[in-house]
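Inspection log for the structure reproduced underneath, given as structure tokens.
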2 protein chains.
Amino acid sequence: MPMSLRHALLALLEAGAMTGYELAKQFDQSVAYVWHAQHSQIYTELRRLESGGLVVARTLARGDKALATKRAYTLTESGLAELRRWVREVEEPPAMRDSAYVKATYLEYGSFQEARTQLRAHRAHYEALRDRYELHVDQLARRETALLRRRLAGSPAESHDAIVAYKVHAYRGLVARARTEIEWAERGLELIDRLEDGGTLPK
Amino acid sequence: MPMSLRHALLALLEAGAMTGYELAKQFDQSVAYVWHAQHSQIYTELRRLESGGLVVARTLARGDKALATKRAYTLTESGLAELRRWVREVEEPPAMRDSAYVKATYLEYGSFQEARTQLRAHRAHYEALRDRYELHVDQLARRETALLRRRLAGSPAESHDAIVAYKVHAYRGLVARARTEIEWAERGLELIDRLEDGGTLPK
DNA sequence: CAGAGCATGTAACGTGTTACATGATTGT
DNA sequence: ACAATCATGTAACACGTTACATGCTCTG
């Protein structure tokens with residue numbers, strides 16, 4: 001069982017206390033690239049972490065009138081311990097489940113045009129992802145993201161290279177992955193051309 | 001929303017009537033590579049498909065005594081229509097969610113050895129997958145799988161190349177994907193070596 | 001004073017996981 | 001007789017999605 005949301009939130013809070021809303025914003029600009037979650041789920045998970053003692057919350061006033069409040073969350077000792085345990089733990093990779101590939105297997109139930117539409121959508125999707133990942137890699141490598149700066153500010157200088165390098169490596173992996181998908185879709189489009197020409201089908 | 005299990009079952013039944021158990025067996029040797037499901041889920045889904053009129057079931061006797069029964073499922077007209085509709089439909093790709101990459105982003109919370117352990121497990125996992133996918137590609141290309149033969153037997157000869165080619169293409173995509181993951185893990189391991197040497201960190 | 005964005009949630013639902021549960025039939 | 005495998009499910013739970021819901025505060 002992944003349960004990555006829980007641990008991603010702990011990791012974000014390790015950089016310093018944040019309110020649920022702030023956390024959700026930071027989440028969208030970092031972890032969400034690898035683990036998407038709705039804001040509503042983040043609020044729910046924060047409450048769960050709180051009742052498990054992994055984070056503590058302070059209620060703060062919003063604005064002058066103090067008619068509204070917000071809650072700032074801080075990582076506890078036991079939350080940090082859990083974060084470290086999680087990094088050590090080798091998880092069973094989740095079972096494969098990719099609807100695009102299921103469909104790719106059964107494209108013969110549609111026309112060649114329909115098959116092309118599917119593969120073009122696949123390519124377009126991963127082209128957009130690739131571009132976003134590449135941008136993020138650049139930002140990370142230049143240490144330009146708010147969250148990363150906060151992390152680095154609170155860590156000893158000799159650890160900075162590793163902190164940045166791990167993140168850059170992960171996002172470069174996503175770029176490579178997106179490229180693989182784009183190439184796959186393109187080979188598929190070429191295959192359809194050959195099938196439609198009814199000509200030879202090279203191995 | 002993917003809901004691929006539903007449609008994968010329809011596609012399997014298009015090859016001919018099968019009992020739940022047979023279907024589950026065939027599933028494990030084909031679709032499960034791209035969409036994993038427990039047998040218990042397959043039985044549940046078959047009942048749902050039945051109540052939706054996409055398949056019909058006949059109750060058959062098992063053995064001579066007929067003390068036990070089994071249920072053979074057949075695709076209906078409306079089931080076939082749904083299968084074709086699904087192939088036409090362009091689905092929104094599901095949001096990214098990969099726990100291995102989340103962890104790869106936060107490897108700095110563990111030691112270099114722990115980071116290596118994670119990446120080695122990643123590599124081993126995808127090496128095993130790659131081997132299984134490659135085997136499957138070979139079997140498909142030689143038209144050796146039981147299910148594929150059944151499909152081909154019930155289809156016009158001129159469609160055979162396309163049926164085989166789509167499947168081979170899909171599984172080759174999975175091989176490419178696995179290779180990308182293996183290379184990524186290896187680049188990660190090299191990175192850790194450089195980090196540990198404390199030397200230069202090339203871009 | 002209006003609209004954008006801050007801020008926090010709840011509820012119903014769908015899908016998938018895990019564990020449990022049962023018993024018949026076939027081959028040795 | 002025994003084991004493997006055929007054959008079919010149920011129940012509780014975890015996780016995530018979608019839609020709904022509310023109201024404050026800051027900026028122009």
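All heavy atoms count here, side chains included; hydrogens, waters and symmetry mates do not. Per chain, numbering begins at 1; letters A, B, ... match sequence-line order.
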Residue closer to the 5' end of DNA chain D, A:R6 versus A:Q38 (nearest nucleotide): A:R6
Main-chain N/O of B:L54 paired with B:T76 side-chain donor or acceptor, under 3.5 Å: yes
Atom-to-atom span, CG of B:L23 to C1' of D:dA7 - whole angstrom: 13 Å
Salt bridge A:E134-A:R179, side-chain N to carboxylate O under 4.0 Å: yes
Footprint string (nucleotides 6-11 of chain C, 5' to 3'): B base within contact, S backbone only, - free, heavy atoms under 4.0 Å: BBBSB-
B:L60 CG to D:dT8 C1', straight-line distance once rounded to whole Å: 14 Å
Value in whole Å for how far the C1' atom of C:dT15 lies from CG of B:L9: 14 Å
Distance below 4.0 Å between A:R48 side-chain N/O and D:dA14 OP1 or OP2: no
Separation of D:dA7 C1' from B:Q26 CD (nearest whole Å): 15 Å
Cation-pi, B:Y101 ring and A:R177 (6.0 angstrom, 45 degrees): yes
Distance test, side-chain N/O of B:R97 to OP1/OP2 of D:dT17, below 4.0 Å: yes
Exam field: side chain A:H7 to backbone A:L83, donor-acceptor pair closer than 3.5 Å: no
Check: B:K103 side chain, B:Q118 main-chain N or O, donor-acceptor pair, under 3.5 Å: no
Spacing between A:H36 atom NE2 and D:dC15 atom C1', to the nearest angstrom: 14 Å
B:R130 side chain to B:V175 backbone, donor-acceptor under 3.5 Å: no
